[in-house]
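Inspection log for the structure reproduced underneath, given as structure tokens.
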Amino acid sequence: MAAVSARLPVFPWDKLEPYKATAAAHPDGIVDLSVGTPVDPVPQLIRSALVAAADSPGYPTVWGTPALRDAITGWLRGRLGASAAGHRNVLPVVGSKELVAWLPTQLGLGPGDKVAYPRLAYPTYEVGARLCGAEAVVYDDPTELDPAGLKLLWLNSPSNPTGAVIPKDELVRIVAWAREHSVLVFSDECYLELGWEAEPVSVLHDDVCGGSYEGLVAVHSLSKRSNLAGYRAAFIAGDADVLGELLEIRKHGGMMTPAPVQAATVAALGDDAHVAEQRARYAARRTALRAALEAHGFRVEHSEASLYLWVTRDEPCWDTVAHLAGLGILVAPGDFYGEAGARHVRVAFTATDERVDAAVKRLA
């Protein structure tokens with residue numbers, strides 16, 4: 001066990017604890033804008049579906065119920081423009097972080113193989129590579145990578161942490177390059193429904209992939225769009241051969257989404273009203289925080305989508321973290337996401353309206 005844990009970086013959030021204590025000492029309490037965790041209620045129709053399925057004494061299936069697969073494929077066709085999606089193109093997973101962390105291992109990767117991800121990125125991409133002993137490689141433009149030994153290419157659009165969106169024509173170019181070099185692409189699209197100044201596009205869109213999912217898999221989560229982080233409701237979609245292999249592995253590993261969560265996911269994917277309502281909440285918080293940060297001397301970069309503002313005062317990120325902690329506001333330092341973020345911080349707008357209002361007043 002020690003040998004495995006020794007492969008991993010220090011868990012980054014532990015480094016924030018002293019700053020969290022400083023922020024918590026503010027007379028009006030902490031405004032925690034560090035972790036992008038949902039705080040708003042789970043929509044009632046989803047809770048009702050969960051409760052209705054609560055009497056589920058038997059084991060659920062790893063592939064999910066036919067109703068769940070219908071709901072996912074219907075959403076893929078209607079929302080992502082993936083017109084050819086069928087049951088063999090979908091697989092429920094137990095939250096997207098689990099999938100990201102263990103995917104390289106489940107793909108059979110190891111020493112001598114390469115896993116590539118953006119230079120500024122969600123730390124779990126690197127963790128997944130390290131867990132299986134593969135080489136982690138960062139990129140600015142994936143098509144400039146040496147494809148020799150490159151077995152897994154992570155895309156992330158909209159990006160965590162920057163909120164940047166990969167344009168459709170760029171996705172087309174990247175997909176063509178990956179297919180030319182037989183590189184498997186996994187596209188993390190968990191923030192796809194939260195575009196503000198750009199319209200995110202999936203790699204599974206007909207215009208991007210040409211109606212074929214060969215070598216392509218998209219990762220989606222209901223944590224953000226439906227406030228279901230606590231449910232661990234997510235799925236992957238794309239290449240039937242890749243998903244079929246993962247299904248066999250995950251059946252042996254018992255990686256089953258609980259039956260009540262499967263039922264709740266069906267309800268969530270079948271309703272657009274709650275998604276629009278939650279988007280409106282986030283839009284208002286984003287607008288208020290952006291204006292307050294800019295007035296305070298911050299520059300907002302990228303941030304076209306997702307639940308974060310990527311900001312800088314052109315100083316070391318930990319200096320910014322300390323400054324804001326002194327105001328009772330906790331944010332995430334940019335270097336959590338790679339050395340390229342050393343002069344930025346990530347500001348989540350997932351706090352309640354009351355806490356966002358408090359942050360705005362303090363920044364003023």
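Numbers here simply count residues along the sequence, with the first being 1. FYI, side chains are in, hydrogens and waters are out, and symmetry mates aren't considered; it's all heavy atoms of this structure.
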Between [X] and [Y], is any pair of side-chain heavy atoms under 4.5 Å apart?
{"X": "Leu109", "Y": "Cys132", "answer": "yes"}
{"X": "Val100", "Y": "Val127", "answer": "no"}
{"X": "Val345", "Y": "Leu309", "answer": "no"}
{"X": "Leu289", "Y": "Leu33", "answer": "yes"}
{"X": "Leu76", "Y": "Asn89", "answer": "no"}
{"X": "Arg179", "Y": "Leu216", "answer": "yes"}
{"X": "Val219", "Y": "Cys190", "answer": "yes"}
{"X": "Leu269", "Y": "Phe235", "answer": "yes"}

Between [atom1] on residue [X] and [atom2] on residue [Y], distance to nearest 0.5 Å:
{"X": "Thr73", "Y": "Arg88", "atom1": "OG1", "atom2": "CZ", "result": "13.5 Å"}
{"X": "Leu91", "Y": "Met255", "atom1": "CG", "atom2": "CE", "result": "11.0 Å"}
{"X": "Asp314", "Y": "Asp319", "atom1": "CG", "atom2": "CG", "result": "12.5 Å"}
{"X": "Ile46", "Y": "Asp271", "atom1": "CD1", "atom2": "CG", "result": "7.5 Å"}
{"X": "Thr124", "Y": "Leu103", "atom1": "OG1", "atom2": "CG", "result": "12.5 Å"}
{"X": "Phe336", "Y": "Tyr122", "atom1": "CZ", "atom2": "OH", "result": "13.5 Å"}

* Check whether the ring centres of His344 and Trp310 lie less than 6.0 Å apart, and answer yes or no. =>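 Distance test on ring centres: under 6.0 Å, yes.
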
* Asked: Are Tyr308 and Tyr191 close enough that their ring centers fall under 6.0 Å?
  ->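 Yes - the distance between ring centres of Tyr308 and Tyr191 falls below the 6.0 Å cut-off.
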
Tell me yes or no: between the side chains of [X] and [Y], is some donor less than 3.5 Å from an acceptor?
{"X": "Tyr117", "Y": "Asp188", "value": "no"}
{"X": "Arg173", "Y": "Thr143", "value": "yes"}
{"X": "Arg119", "Y": "Tyr139", "value": "no"}

* To do: Applying salt bridge (Lys or Arg N to Asp or Glu O under 4.0 Å), name anything that partners Arg285, two or more places apart in sequence or on another chain.
  =>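 Counting only residues at least two positions away or on another chain, Arg285 forms a salt bridge (Lys or Arg N to Asp or Glu O under 4.0 Å) with Asp40, Asp353.
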
* **Qualifying residues under salt bridge (Lys or Arg N to Asp or Glu O under 4.0 Å), relative to Glu315, sequence neighbours excluded** =>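 Here the qualifying residues are Arg313.
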
Residues [X] and [Y] bridged, charged N to O under 4.0 Å:
{"X": "Asp28", "Y": "Arg362", "result": "yes"}
{"X": "Arg79", "Y": "Glu193", "result": "yes"}
{"X": "Arg299", "Y": "Glu301", "result": "yes"}

Could you tell me which non-hydrogen atom of [X] sits nearest to which non-hydrogen atom of [Y], and how far apart they are?
{"X": "Gln278", "Y": "Asn227", "value": "OE1-ND2, 2.9 Å"}
{"X": "Pro200", "Y": "Leu192", "value": "CG-O, 3.5 Å"}
{"X": "Gly36", "Y": "Thr350", "value": "CA-OG1, 3.6 Å"}

With distance as the sole test, does [X] use its side chain to make a donor-acceptor pair with the main-chain N or O of [Y] at under 3.5 Å?
{"X": "Arg232", "Y": "Val261", "value": "no"}
{"X": "Arg343", "Y": "Gly334", "value": "no"}
{"X": "Ser157", "Y": "Ser159", "value": "no"}
{"X": "Arg279", "Y": "Gly195", "value": "yes"}
{"X": "Asp357", "Y": "Lys361", "value": "no"}
{"X": "Glu135", "Y": "Val115", "value": "no"}
{"X": "Ser226", "Y": "Leu228", "value": "no"}
{"X": "Arg346", "Y": "Ser34", "value": "yes"}

Is there a path from [X] to [Y] through hydrophobic residues (I, L, V, M, F, W, Y) whose side chains come within less than 4.5 Å of each other?
{"X": "Leu171", "Y": "Val165", "result": "no"}
{"X": "Ile166", "Y": "Trp177", "result": "yes"}
{"X": "Trp63", "Y": "Ile249", "result": "no"}
{"X": "Val90", "Y": "Met256", "result": "no"}
{"X": "Val93", "Y": "Phe186", "result": "yes"}

* **Residue from His220, Glu189, Lys168 passing side chain to side chain donor-acceptor pair (under 3.5 Å) with Ser202** => Glu189

* **ring-ring contact (aromatic ring centres under 6.0 Å, His included) partners of His323, counting only residues at least two apart** => His296

* Applying side chain to side chain donor-acceptor pair (under 3.5 Å), which residue pairs with at least one partner in residues 95-105 are found, sequence neighbours left out? -> Glu98-Arg250

* Residues, nucleotides or ligands: over 12 heavy atoms within 6.0 Å of Arg77 CZ -> yes

Check residues 146-154 and write down every donor-acceptor pair under 3.5 Å in which the side-chain atom is one partner and the other belongs to a residue at least two apart or another chain.
residue : atom : partner : partner atom : Å
Asp146  : OD1  : Ala148  : N            : 3.0
Lys151  : NZ   : Asp113  : OD1          : 3.0

* Got a sec, which pairs hit ring-ring contact (aromatic ring centres under 6.0 Å, His included) with one end in residues 244-287, sequence neighbours left out? ->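 Pairs touching residues 244-287 that pass the test: none.
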
* Asked: For Glu126 and Arg7, what are the C-alpha separation, side-chain angles and deciding distance, and is it a salt bridge (Lys or Arg N to Asp or Glu O under 4.0 Å)?
  -> CA-CA 10 Å; Glu126 178 186 1; Arg7 299 176 194 166; over 6 Å; no

Would you give me the side-chain donor-acceptor pairs under 3.5 Å for residues 237-245, sequence neighbours excluded?
residue : atom : partner : partner atom : Å
Asp239  : OD1  : Asp241  : N            : 2.9
Asp239  : OD1  : Val242  : N            : 3.3
Asp239  : OD2  : Gly215  : N            : 2.7

Distance-only donor-acceptor hits, side chain of residues 8-23, under 3.5 Å, sequence neighbours excluded:
residue : atom : partner : partner atom : Å
Thr22   : OG1  : Pro18   : O            : 3.2

Scan the side chains in residues 80-87 for donor-acceptor partners under 3.5 Å anywhere in the protein, sequence neighbours excluded, and list what turns up.
residue : atom : partner : partner atom : Å
Ser83   : OG   : Asp206  : OD1          : 3.3
Ser83   : OG   : Asp206  : OD2          : 2.7
His87   : ND1  : Arg69   : NH1          : 3.1
His87   : NE2  : Asp70   : OD1          : 2.7

* Asked: By side chain to side chain contact (heavy atoms under 4.5 Å, CB included), which residues pair with Ala267, not counting sequence neighbours?
  -> Ala49

* Asked: With Ser223, which residues qualify under side chain to side chain donor-acceptor pair (under 3.5 Å), at least two apart?
  ->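 Here the qualifying residues are Ser221.
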
May I have the list of side-chain donor-acceptor pairs in residues 53-62 shorter than 3.5 Å, sequence neighbours left out?
residue : atom : partner : partner atom : Å
Ser56   : OG   : Ala53   : O            : 2.4
Thr61   : OG1  : Gly64   : N            : 3.1
Thr61   : OG1  : Gly64   : O            : 3.3

